[in-house]
Amino acid sequence: MTADRTAQDHPSSQSSFPQPRPEVESLHAYSAPLEGRRPMLRLDFNENTIGPSPQVVEALRAIPADQIAIYPEYDGLREAVITNLNLPLQPEQVGLFNGVDAAIHAIFHAYGDRGETLLTTSPTFGYYTPCAQMQGMAIQAIPYEGAAFAFPLEPIRHALNANPRLLLICNPNNPTGTRLAPQQILALAAAAPQTLVVVDELYEAFTGDSVLPLADFSSLPNLLVLRSLAKTAGLAGLRIGFAIGHAAVVDRISRVTGPYDINSFAVTAAFAALKDQAYVDGYVAEVIEARTWMAEQLRVAGVRHHVEGGNYLLVWPQRDPAEVDQELRAAGILVRAMTGKPLIDGSLRVSIGTREQMRRFWDAYQTIEALRT
Ligand SMILES: Cc1ncc(COP(=O)(O)O)c(C=O)c1O
């Protein structure tokens, strides 16, 4: 298998180190500017901007030394997820992963073979593409439609006739916020039994559009739902996420992960976070209120923007977006430039935090864009 992977297969690469698979050699890994963020107002990664519940912090502080010395134990965590969701699921239907990123990686590893197709939308979350590419898959990315970035339902329906291996729908979509009704997703899955339909519900808390309460995985075994504690519960740094679906599918995806991929700190934090749903609900409500306030400021000031689902919105500066990005950074505020992204090139994605944090952003933005009269 490896004997034919010589430098001849990779004429542009150096032969002084062992050559990886050709798909890896040509891969542009997903990279994110992560350094030096902590002292800033971080509106660049759609994280929780105030941190987790105090109960999470307390539980982490109370971790005894022997818990650190032994491999992590996951007993009861799947049940805790089910209790939190308040749905009639079995523990085998919940897969535990080192963040939803790791779940996405595992899905591609388990289901995506060379030459098969990933069907998705564009622009969407940036990690789906490298995962498809590392498997040698083809990517069919269908653009959102019109000025409001509507979900391209008919083209997706049509593309499903070719039986792609995977359909990935981010709902609401990052970064356009586009919402798709859960019933439409269920209909797509029902119409494409050969396709694994993955619904990335990372930002579902900000819309309430989940397929989970409606999904019957015994009649739709090709549906898989991703949930995380990163964006709402404030556990992004600990890395924990869930894949929920038919037990056989969850099992196959879990087979391609290591036995201890989720560390015991994340497990402890997840138990505490899942128990304190009131904290998460309070934070989500605050963000939604701040999102409404922010959209109103932008509307009144005549700033081109787009806001729908999710804890983020898009703004189009009048000046060079790279300069505005830099000047916001100089003012201690991080946002994410959407440079080069189809349909939204020239915009900045601004995560929504608390009302006070958005006031700070808006103050700086108005100064930088000279919006004050
Ligand atoms: C749509 C979407 N899916 C998945 C992820 C990754 O989530 P996690 O932090 O749980 O790995 C992100 C993070 O930005 C995201 O925006």
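Each ligand, and each atom within it, is numbered from 1 in the order the structure gives.
Ion pair E201/R227 flagged as a salt bridge, since at least one NZ, NE, NH1 or NH2 atom sits closer than 4.0 Å to an Asp/Glu carboxylate oxygen.
Not a single donor-acceptor pair under 3.5 Å links the side chain of Q140 to the backbone N or O of L118. Proximity of a side-chain donor or acceptor of T117 to a complementary backbone N or O of L119 within less than 3.5 Å is not detected. At least one donor-acceptor pair closer than 3.5 Å links the side chain of N222 to the backbone N or O of T195.
The closest protein non-hydrogen atom to atom 4 (C) of ligand 1 is F125 CE2, 3.4 Å. Nearest protein neighbour of atom 11 (O) of ligand 1, counting heavy atoms only, is R239 NH2, 2.6 Å. For atom 6 (C) of ligand 1, the closest heavy atom belonging to the protein is D101 OD1, 3.1 Å. Scanning the protein for heavy atoms near atom 16 (O) of ligand 1, the closest one is Y203 OH, 2.6 Å. Considering only non-hydrogen protein atoms, atom 13 (C) of ligand 1 sits nearest to K231 NZ, 3.0 Å. Counting protein heavy atoms only, atom 3 (N) of ligand 1 is closest to D200 OD2, 2.6 Å.
Residue-ligand proximity: C170 is placed with a non-hydrogen atom under 4.0 Å from ligand 1. Heavy atoms of G99 come nearer than 4.0 angstrom to ligand 1 in at least one pair.
The number of heavy-atom neighbours closer than 6.0 Å to CD of E356, taken from other residues, nucleotides and ligands shown, is 12 or below.
Between Y312 and Y203, the ring planes lie perpendicular to each other; the angle is over 60°, past the 30° to 60° tilted range. The aromatic rings of W316 and F149 sit parallel, their planes meeting at an angle under 30°, below the 60° perpendicular limit.
Of all the heavy atoms of V100, the ones lying under 4.0 Å from any atom of ligand 1 are found in both the backbone and the side chain.
Geometrically, ligand 1 and L202 share no nitrogen or oxygen pair separated by less than 3.5 Å.
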